[in-house]
*Asks:* 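If you scroll down you'll find the structure; I have some questions about it.
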Amino acid sequence: MASSSPHPVSDFVDRHFRHFNAAALKDAADAYSRHIDAGGTMLVTLAGAMSTAEIGLSLAEMIRRGKVHAICSTGANLEEDVFNLVAHTHYRRIPNYRDLTPSDEQDLLEHHLNRVTDTCIPEEEAMRRVERLLIEEWIAADTRGERYFPYEFLYRLIRGGKLEPYHDVDPADSWIIAACEKNLPVFVPGWEDSTLGNVFAARCIEGRIRNPHVVRSGIETMMALARWYQETARGRSIGFYQIGGGIAGDFPICVVPMLHQDLRADGVPLWGYFCQISDSTTSYGSYSGAVPNEKITWGKLAVDTPRYIIESDATICAPLMFAKILGW
């Protein structure tokens, strides 16, 4: 029987998510809402292949509704939201990907289909299409002596209407478009470890782009994050919502101890909320699997910081949490 509730997903979580990881998800979502309702802000980090998993379907609405105020993303997640935006119907899903042989994988390569678990990203319609537009922006900035962060170049494409002829999904489902509309900062550490970062390096090597610093660096990204944190924290508590692990999470959470211990800045509060969704473990010193309490010892979280860890698949848990927070 179909639910008559105006909030069916939220009601389902409230009724059924009572124990273990399920309870952690519900508690973390409720604490997220309390943090925002109390006037707090939230930085969301994106690791893994969340954009190819179409996190934009829920994250974009979180951004539009004022539930997200900054993002720290891998270069892959930044670009893959745009790839999906312009080439969605050209993607190929492979439900039986675990059964693929090495020869099957070679066949996908020869058909220019780059596999991410069960989803293949089409090279020509996605990567090369966006690449051509960005190369124009990079060369123009190089000629003018201008420099921008990776996300700012994408904002220039969006605001200039250059992606619109290629929209292949509803732009309301793109988190980078929502972020652009809200003018959110998107911090992208290690951008060179991405498809478009490789393209940029190649253009620099061949000389089409003379200045490799046209795209601003990781150190400048940390400096920009520090400025954002200090300015934002003057009047509002800042929360930290981490999807997955890796550099997308490790990079931004370090800004607080850096400000305290290295810059010796006064009056910088610790993160006011922390939640991580990860299926990583703590074995062999895995920082991505470290429990939140460990971060207290590094000066990142306070003893009384609300902190949660959901040990599960972020492609399942993050949309559910966002749905609960949005009251869906």
Side-chain angles (χ1 to χ4, degrees), residues 46 48-57 59-60 63 71 73-94 105-144 146-181 184 186 188 190-209 212 214-216:
L46 295 175
M50 294 302 296
S51 290
T52 295
E54 298 189 68
I55 193 63
L57 290 163
L59 179 57
I63 294 169
I71 291 173
S73 170
T74 59
N77 273 306
L78 181 75
E79 66 193 16
E80 287 177 18
D81 184 78
V82 182
F83 293 164
N84 182 66
L85 173 69
V86 303
H88 180 77
T89 58
H90 297 276
Y91 280 51
R92 184 191 297 180
R93 183 161 179 266
I94 304 177
E105 304 280 18
Q106 179 66 29
D107 185 65
L108 291 174
L109 170 66
E110 292 172 0
H111 285 85
H112 305 283
L113 293 166
N114 300 268
R115 186 169 70 82
V116 181
T117 311
D118 71 345
T119 302
C120 291
I121 303 175
E123 180 179 322
E124 179 57 36
E125 293 82 1
M127 299 161 180
R128 300 305 177 193
R129 179 173 288 168
V130 175
E131 167 191 321
R132 286 190 286 269
L133 296 173
L134 271 179
I135 288 173
E136 293 177 4
E137 291 289 336
W138 292 333
I139 292 175
D142 188 27
T143 301
R144 295 190 299 263
E146 297 172 352
R147 303 175 62 237
Y148 300 101
F149 288 116
Y151 80 96
E152 292 177 313
F153 277 107
L154 290 178
Y155 281 8
R156 292 174 71 84
L157 290 183
I158 293 167
R159 291 168 179 160
K162 294 184 179 180
L163 296 175
E164 290 180 8
Y166 307 106
H167 282 181
D168 204 24
V169 296
D170 185 341
D173 295 334
S174 164
W175 70 259
I176 191 65
I177 286 183
C180 180
E181 291 170 352
L184 263 59
V186 183
V188 187
W191 173 74
E192 57 273 16
D193 179 24
S194 68
T195 297
L196 293 176
N198 291 172
V199 170
F200 179 79
R203 300 295 80 77
C204 291
I205 291 168
E206 68 186 14
R208 292 183 65 187
I209 298 171
V214 164
V215 178
R216 298 179 68 179

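Numbers for residues simply follow the sequence, beginning at 1.
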*Asks:* Let me see the working for V86 and V130 under side-chain contact (heavy atoms from CB on, under 4.5 Å), right down to the final yes or no.
*Replies:* CA-CA 8 Å; V86 303; V130 175; 3.9 Å; yes

*Asks:* Could you tell me the separation between the OG1 atom of T119 and the OH atom of Y91, rounded to the nearest 0.5 Å?
*Replies:* 8.5 Å

*Asks:* For the CG atom of L108 and the CZ atom of R92, what is their distance to the nearest 0.5 Å?
*Replies:* 6.0 Å

*Asks:* Are T74 and N77 linked by a side-chain donor-acceptor pair shorter than 3.5 Å?
*Replies:* yes

*Asks:* Under 4.5 Å between any side-chain heavy atoms of L133 and Y166, yes or no?
*Replies:* yes

*Asks:* When rounded to the nearest 0.5 angstrom, what is the spacing between CZ in F153 and CD in E136?
*Replies:* 12.5 Å

*Asks:* Work out which heavy atom in P212 is nearest to a heavy atom in C204; give both atom names and the distance.
*Replies:* CA-SG, 3.8 Å

*Asks:* Using 0.5 Å steps for rounding, measure from the OG1 atom of T89 to the CD atom of E125.
*Replies:* 8.5 Å

*Asks:* Would a 4.5 Å heavy-atom cut-off, applied to side chains only, mark E131 and M127 as touching?
*Replies:* no

*Asks:* Kindly indicate, with the supporting measurements, whether the criterion salt bridge (Lys or Arg N to Asp or Glu O under 4.0 Å) is fulfilled by E124 and R132.
*Replies:* CA-CA 10 Å; E124 179 57 36; R132 286 190 286 269; 2.9 Å; yes

*Asks:* Quick one: are the ring centres of W191 and F200 less than 6.0 Å apart?
*Replies:* yes

*Asks:* How long is the span from the CH2 atom in W175 to the CD1 atom in I55, to the nearest 0.5 Å?
*Replies:* 11.0 Å

*Asks:* D173 side chain to G56 main-chain N or O, any donor-acceptor pair under 3.5 Å?
*Replies:* no

*Asks:* Could you check whether any side-chain N or O of H111 sits under 3.5 Å from a backbone N or O of D107, counting only pairs where one atom can act as donor and the other as acceptor?
*Replies:* yes

*Asks:* Without swapping roles, check the side chain of D81 against the backbone of I176 for a donor-acceptor pair under 3.5 Å.
*Replies:* yes

*Asks:* Compare every heavy atom of E192 with every heavy atom of N198, then report the nearest pair and how far apart it is.
*Replies:* ND2-O, 3.1 Å

*Asks:* For L85 versus S174, what's the shortest heavy-atom pair and its separation?
*Replies:* CD1-CB, 4.2 Å

*Asks:* What I want to find out is whether E152 reaches R147 closely enough, with some N-O distance under 4.0 Å, to be called a salt bridge.
*Replies:* no

*Asks:* In terms of the angle between their ring planes, are Y151 and F149 parallel, tilted or perpendicular, with boundaries placed at 30° and 60°?
*Replies:* parallel

*Asks:* With a 4.5 Å cut-off on side-chain heavy atoms, are I121 and E80 touching?
*Replies:* yes

*Asks:* Mind listing the closest non-hydrogen atom pair of R203 and E206 along with its distance?
*Replies:* NE-OE2, 2.6 Å

*Asks:* Do T52 and N84 make a side-chain contact, defined as non-hydrogen atoms from C-beta onward lying under 4.5 Å apart?
*Replies:* no

*Asks:* What do the steps show when you test L113 against E123 for side-chain contact (heavy atoms from CB on, under 4.5 Å), and what is the final call?
*Replies:* CA-CA 6 Å; L113 293 166; E123 180 179 322; over 6 Å; no

*Asks:* Rounded to the nearest 0.5 Å, what separates atom CD1 in I94 from atom SG in C120?
*Replies:* 3.5 Å

*Asks:* Does the side chain of S194 reach to within under 4.5 Å of the side chain of L78, using non-hydrogen atoms?
*Replies:* no

*Asks:* So that I can tick it off, tell me whether R115 and E105 are bridged by a salt bridge, with the cut-off set at under 4.0 angstrom between side-chain N and carboxylate O.
*Replies:* yes

*Asks:* If you define the side chain from C-beta out and look only at heavy atoms, does anything of H167 sit under 4.5 Å from I177?
*Replies:* yes

*Asks:* How about D193: does its CG atom have over 12 heavy atoms from other parts shown lying under 6.0 Å from it?
*Replies:* no

*Asks:* Ignoring hydrogens and angles, tell me if any N or O in the side chain of E79 forms a donor-acceptor pair with the backbone of L196 under 3.5 Å.
*Replies:* yes

*Asks:* Between R208 and I135, is the side-chain contact (heavy atoms from CB on, under 4.5 Å) condition met? List the steps.
*Replies:* CA-CA 9 Å; R208 292 183 65 187; I135 288 173; 3.7 Å; yes

*Asks:* Could you tell me whether the side chain of H112 reaches within less than 4.5 Å of the side chain of P122, counting heavy atoms only?
*Replies:* no

*Asks:* Evaluate side-chain contact (heavy atoms from CB on, under 4.5 Å) for H90 paired with D168, printing each intermediate quantity in order.
*Replies:* CA-CA 9 Å; H90 297 276; D168 204 24; 4.2 Å; yes

*Asks:* Going by distance alone, is a donor N or O of one side chain under 3.5 Å from an acceptor N or O of the other, for Y148 and R156?
*Replies:* yes

*Asks:* Determine whether I71 and L46 make a side-chain contact, defined as any pair of heavy atoms from C-beta on separated by less than 4.5 Å.
*Replies:* yes

